[in-house]
Amino acid sequence: MLKVTNAQIVYDNVIEAVRDVSFEVRGSQIVALLGSNGAGKSTVLKAISGVLYPEDGEVQSGAIEFDGRSLLGAAADKIVRSGIVQVPEGRQLFDELTVEENLLMGGYTQPVSVVKQNLEKVYDLFSRVAERRSNVAGYLSGGEQQMVAVGRALMSDPKLLMLDEPSLGLAPQIIEEIFQTIVNLRKERDVSILLVEQNARLALEVSDYAYIMENGRVVMDDEPAKLLENEDVKEFYLGFSDGGTRKNMRDVKHYKRRKRWLS
Ligand SMILES: Nc1ncnc2c1ncn2[C@@H]1O[C@H](COP(=O)(O)OP(=O)(O)OP(=O)(O)O)[C@@H](O)[C@H]1O
Ligand SMILES: [Mg+2]
């Protein structure tokens, strides 16, 4: 369904944020894209969604295809119409608008009758969002805002939902709830999911396949069960040393600076 091949993405004509990235999301799959700060994960998602232009970013070489058609150069709204939608990092709701108004924004590519149906579907999925429909979005909790952001994306009936760090800044219980929703979406509505996460453990628990990015490159890809057993993954992304004792963040960061998988 989605195929990214040897993508190279540059900002301001000089900053090479993504050097060489290839990956694939097949129908009904949950695919995780993992990696630490600055690896280029968000840049890849923005390239797929066609929203690099305002940031002066550009795909310089490589291919991005959805159902066999190239997305390169396509306008963002056309990409949404083709069935791909992104939930951006940090939710990016319209804070002064109500929850319902935010959701309606997500339905802009759909006819009015479909918008109404989809709104009800979102309220069925997230009862908490339904309760808050008349509240101003800016005053919701982080977890509720994330649910609204996911709901807004679902308003366009996507075939592929791309989530950029949905767990960011949320309490463990809320994260569980959001990940459960992701799993249910795939199961019940057959939506494919591309999940960008720094929370590697959770992402590996729910995904069918995962890619790890470092410095603008995919350095490893495998089935989650295999990655969970990998010593490097354990050490750098799951925070465990060989003996299974939790390393402190400073140690892990120190290692990350010292060691690169591909150099
Ligand atoms: N608008 C921009 N202009 C210039 N450079 C940028 C821009 N956005 C991102 N970059 C650079 O591109 C690289 C990749 O950034 P990106 O945001 O894609 O990483 P990320 O993997 O999403 O990181 P994080 O986990 O922190 O969100 C970084 O070096 C970043 O500084
Ligand atoms: Mg990011």
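Below, all heavy atoms of this structure are taken into account, side chains as well, without hydrogens, waters or symmetry copies. All ligand and atom numbering here is 1-based and tracks the order in the structure.
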Participant: Do E16 and R19 pass the salt bridge (charged side-chain N to carboxylate O under 4.0 Å, His left out) test, and can you show the C-alpha distance, the side-chain angles, and the key distance before you say yes or no?
Facilitator: CA-CA 6 Å; E16 198 182 27; R19 290 160 211 271; 3.4 Å; yes

Participant: Would G40 count as being in polar contact with ligand 1, using the rule that some N or O on each side must be under 3.5 angstrom apart?
Facilitator: yes

Participant: Students should be able to answer this: which protein heavy-atom is nearest to atom 26 (O) of ligand 1, and at what distance?
Facilitator: N37 ND2, 2.7 Å

Participant: Can you list the residues that meet the salt bridge (Lys or Arg N to Asp or Glu O under 4.0 Å) rule with R133, with sequence neighbours excluded?
Facilitator: none

Participant: In sequence, state the C-alpha distance, the side-chain angles, and the governing distance for D190 and R186, and then conclude on salt bridge (charged side-chain N to carboxylate O under 4.0 Å, His left out).
Facilitator: CA-CA 5 Å; D190 208 26; R186 186 265 294 271; over 6 Å; no

Participant: Starting at CG of L170, measure out to CZ of F179 and round the result to the nearest 0.5 Å.
Facilitator: 9.5 Å

Participant: Considering heavy atoms of the protein only, find what lies nearest to atom 9 (C) of ligand 1 and give residue, atom and distance to 0.1 Å.
Facilitator: Y11 CE1, 3.4 Å

Participant: Hey, what else clusters with V80 if you join Ile, Leu, Val, Met, Phe, Trp, Tyr whenever side-chain heavy atoms sit under 4.5 Å?
Facilitator: Y108

Participant: Quick test: of every protein heavy atom, which one is nearest to atom 17 (O) of ligand 1, and how far off is it to 0.1 Å?
Facilitator: S42 CB, 3.8 Å

Participant: Would you mind listing which atoms of ligand 1 come within a distance below 4.0 Å of any non-hydrogen atom of E89?
Facilitator: 27 (O)

Participant: Any salt bridge linking K46 with E89? Criterion: basic side-chain nitrogen under 4.0 Å from a carboxylate oxygen.
Facilitator: no

Participant: Taking distance alone, with N or O pairs closer than 3.5 Å, would you say A39 contacts ligand 1?
Facilitator: yes

Participant: Indicate yes or no: does K226 engage E223 in a salt bridge with an N to O separation below 4.0 Å.
Facilitator: yes

Participant: To the nearest 0.5 Å, tell me how far D221 CG sits from F23 CZ.
Facilitator: 11.5 Å

Participant: If you have a sec, work out which protein heavy atom is nearest atom 15 (O) of ligand 1 and how many Å separate them, to one decimal?
Facilitator: T43 OG1, 3.8 Å

Participant: Within less than 4.0 angstrom of ligand 1, does E165 place any heavy atom?
Facilitator: yes

Participant: Say you draw a straight line from OG of S82 to CG of L71; how long is it, rounded to the nearest 0.5 Å?
Facilitator: 5.5 Å

Participant: Any N or O on G38 sitting closer than 3.5 Å to an N or O of ligand 1?
Facilitator: yes

Participant: May I ask you to list the residues sharing a hydrophobic cluster with F94, side-chain cutoff 4.5 Å, ordered by chain and number?
Facilitator: L97, M105

Participant: Does the protein place a non-hydrogen atom closer than 4.0 angstrom to atom 31 (O) of ligand 1?
Facilitator: no

Participant: Among protein heavy atoms, which sits nearest to atom 25 (O) of ligand 1, and what does the distance come to when rounded to 0.1 Å?
Facilitator: K41 NZ, 2.7 Å

Participant: For a distance under 2.8 Å, give residue and atom name for each protein N, O or S atom next to the Mg ion (ligand 2).
Facilitator: S42 OG, E89 OE1

Participant: Measure the distance from atom 1 (N) of ligand 1 to every protein heavy atom, then report the residue, atom name and distance (to 0.1 Å) of the closest one.
Facilitator: E55 OE1, 2.8 Å

Participant: Report the distance from atom CG of L140 to atom CZ of R91, rounding to the nearest 0.5 Å.
Facilitator: 11.0 Å

Participant: Can you tell me the protein heavy atom closest to atom 12 (O) of ligand 1 and the distance?
Facilitator: A17 CB, 3.1 Å

Participant: Can you list the ligand 1 atoms lying under 4.0 Å from a non-hydrogen atom of Q198?
Facilitator: 25 (O)

Participant: Do we see a donor-acceptor contact under 3.5 Å between the side chains of S192 and Q29?
Facilitator: no

Participant: Kindly indicate whether atom 6 (C) of ligand 1 is approached by any protein heavy atom to under 4.0 angstrom.
Facilitator: yes

Participant: Tell me yes or no: between the side chains of Y237 and E197, is some donor less than 3.5 Å from an acceptor?
Facilitator: no

